[in-house]
*Asks:* 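Can you keep this structure in mind? I'll have questions shortly.
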Amino acid sequence: MLALLTIFAALSTSIIAAPSSLTLFDPSGDFDYQIGGAFTPVSSVTTVSRDRADSPVKGLYNICYVNTFQSQSGSDKAWWEKNAASLLLQQNGKPYLDPDWDEYIFNTSTVANRNALAAIVKPWIDECASKGFNAIEPDNLDTYTRFKQLSKADNVAFAKILSDYAHSKNLAFGQKNTAELKQADKTAGGFDVSVHS
Ligand SMILES: *[C@@H]1O[C@H](CO)[C@@H](O)[C@H](O)[C@H]1NC(C)=O
């Protein structure tokens, strides 16, 4: 059953590197997108992206998928409701669930919110680092394009807190979802690499 969920869109995904002192990925081979579930990559693959709950592949370049602008679907919804509901976008006094993904949306609109959210997300980055991943793929940077209560500047400011932290752990930090982002925003967010699908 789970194996069926591992169908992925690797072929339509490309990685575009930006200059950085960090290693971004291994351009000599293929890229496998395994966020739906880990499986043994074929031998041409040199870079994989996997959920932070999974483990990296020995000898390959490993990107750790972390949902840094929304809650991860499923199990952790209840955690957010109980512990950090005030950091989520609200509607009618309750956290608002993204109907497409069944995920809550992080409210990045104040410095206090961003710092409190970062305190929750940083241990996830630690988890990626201690497992031996090489880079972070922070998902859903584009929430500001889908929810008008959020702004690009605030999401980029939150990304910067996380990218600084990732860099301090020797992890590269990717940009995802927002191909239209200008170079100034990429620099402001501290992104090393872009993942487009
Ligand atoms: C976002 O958070 C701020 C600060 O707590 C709050 O004032 C604002 O109402 C929140 N916005 C939404 C849409 O939940």
*Asks:* Can you list everything that forms a salt bridge (Lys or Arg N to Asp or Glu O under 4.0 Å) with Asp126? Sequence neighbours excluded, please.
*Replies:* Lys169

*Asks:* Just one of Thr68, Asp142, Asn140, Thr143 clears the side-chain hydrogen bond (donor to acceptor under 3.5 Å, both in side chains) bar with Asn155, so which one?
*Replies:* Thr143

*Asks:* I need the minimum non-hydrogen distance between Ala118 and Ile161, along with the two atoms involved.
*Replies:* CB-CG2, 3.7 Å

*Asks:* Donor-acceptor check, side chain of Asn83 to backbone of Trp79, threshold 3.5 angstrom: yes or no?
*Replies:* yes

*Asks:* Arg50 side chain to Gly37 main-chain N or O, any donor-acceptor pair under 3.5 Å?
*Replies:* no

*Asks:* Would you indicate whether the side-chain heavy atoms of Gln90 and Pro95 approach each other to under 4.5 Å?
*Replies:* yes

*Asks:* Glu127 versus Pro123: any side-chain heavy-atom pair under 4.5 Å?
*Replies:* no

*Asks:* Does the side chain of Tyr165 reach to within under 4.5 Å of the side chain of Val121, using non-hydrogen atoms?
*Replies:* no

*Asks:* Would you give the length of the straight line joining atom CG of Asn107 to atom CG of Asn113, rounded to the nearest 0.5 angstrom?
*Replies:* 4.5 Å

*Asks:* Check for a donor-acceptor pair, side chain of Asn62 on one end and backbone N or O of Val57 on the other, with a separation under 3.5 Å.
*Replies:* yes

*Asks:* Would you give the length of the straight line joining atom CG of Asn67 to atom CD1 of Ile35, rounded to the nearest 0.5 angstrom?
*Replies:* 8.5 Å

*Asks:* Might you point out which heavy atoms bring Phe31 and Val48 nearest each other, and give the distance in Å?
*Replies:* CE1-C, 4.1 Å

*Asks:* Quick one: CZ on Arg146 to CD on Gln70, what's the gap to the nearest 0.5 Å?
*Replies:* 4.5 Å

*Asks:* Honestly curious: do Leu87 and Leu97 fall in one hydrophobic cluster under the side-chain, below-4.5 Å linking rule?
*Replies:* yes

*Asks:* Output the distance between atom OG (Ser151) and atom OH (Tyr144), rounded to the nearest 0.5 Å.
*Replies:* 9.5 Å

*Asks:* Taking a hydrophobic cluster as the set of Ile, Leu, Val, Met, Phe, Trp and Tyr residues connected by side-chain heavy atoms closer than 4.5 Å, whether directly or through intermediates, do Ile125 and Ile120 fall within one such cluster?
*Replies:* yes

*Asks:* Can you list every pair that meets disulfide bond (SG atoms under 2.5 Å apart) and has a residue in residues 104-137, with sequence neighbours left out?
*Replies:* Cys64-Cys128

*Asks:* Let's go through Trp124 and Tyr65 carefully: what are the C-alpha distance in whole Å and the side-chain angles of both, what is the deciding distance for ring-ring contact (aromatic ring centres under 6.0 Å, His included) to 0.1 Å, and is it a yes or a no?
*Replies:* CA-CA 10 Å; Trp124 303 344; Tyr65 172 94; over 10 Å; no

*Asks:* For Asp154, give me all partners under salt bridge (Lys or Arg N to Asp or Glu O under 4.0 Å), at least two apart in sequence or on another chain.
*Replies:* Arg114

*Asks:* Please name the pair of heavy atoms, one in Lys131 and one in Arg52, separated by the smallest distance, quoted to 0.1 Å.
*Replies:* NZ-O, 2.7 Å

*Asks:* Just to verify, what does Asp54 make a salt bridge (Lys or Arg N to Asp or Glu O under 4.0 Å) with, not counting sequence neighbours?
*Replies:* none

*Asks:* Do Leu60 and Thr47 come within less than 4.5 Å of each other through their side chains, counting heavy atoms only?
*Replies:* no

*Asks:* When the ring planes of Tyr96 and Phe147 are compared, do they come out parallel, tilted or perpendicular, using 30° and 60° as the limits?
*Replies:* perpendicular

*Asks:* Which residues satisfy the ring-ring contact (aromatic ring centres under 6.0 Å, His included) test with Phe133, sequence neighbours excluded?
*Replies:* none

*Asks:* We want to know whether Gln72 and Asp51 form a side-chain donor-acceptor pair, criterion being a heavy-atom distance below 3.5 angstrom.
*Replies:* yes

*Asks:* Enumerate the residue pairs fulfilling disulfide bond (SG atoms under 2.5 Å apart) with a member in residues 77-110, sequence neighbours excluded, ordered by first and then second residue.
*Replies:* none

*Asks:* Taking the side chain from Ser71 and the backbone from Tyr104, do they hold a donor-acceptor pair closer than 3.5 Å?
*Replies:* yes

*Asks:* Please find the pair of heavy atoms, one from Ala84 and one from Leu88, that lie closest to each other, and give the distance.
*Replies:* O-CG, 3.8 Å

*Asks:* Could you check if a side-chain atom of Thr108 sits within less than 4.5 angstrom of a side-chain atom of Leu150, using non-hydrogen atoms only?
*Replies:* yes

*Asks:* Specify the closest pair of heavy atoms between Ile136 and Val66, including all atoms of both residues, with the distance to one decimal.
*Replies:* CG2-CG2, 4.2 Å

*Asks:* Taking the six-membered ring for Trp and the full ring for Phe, Tyr or His, determine whether the centres of Phe69 and Phe158 are under 6.0 Å apart.
*Replies:* yes

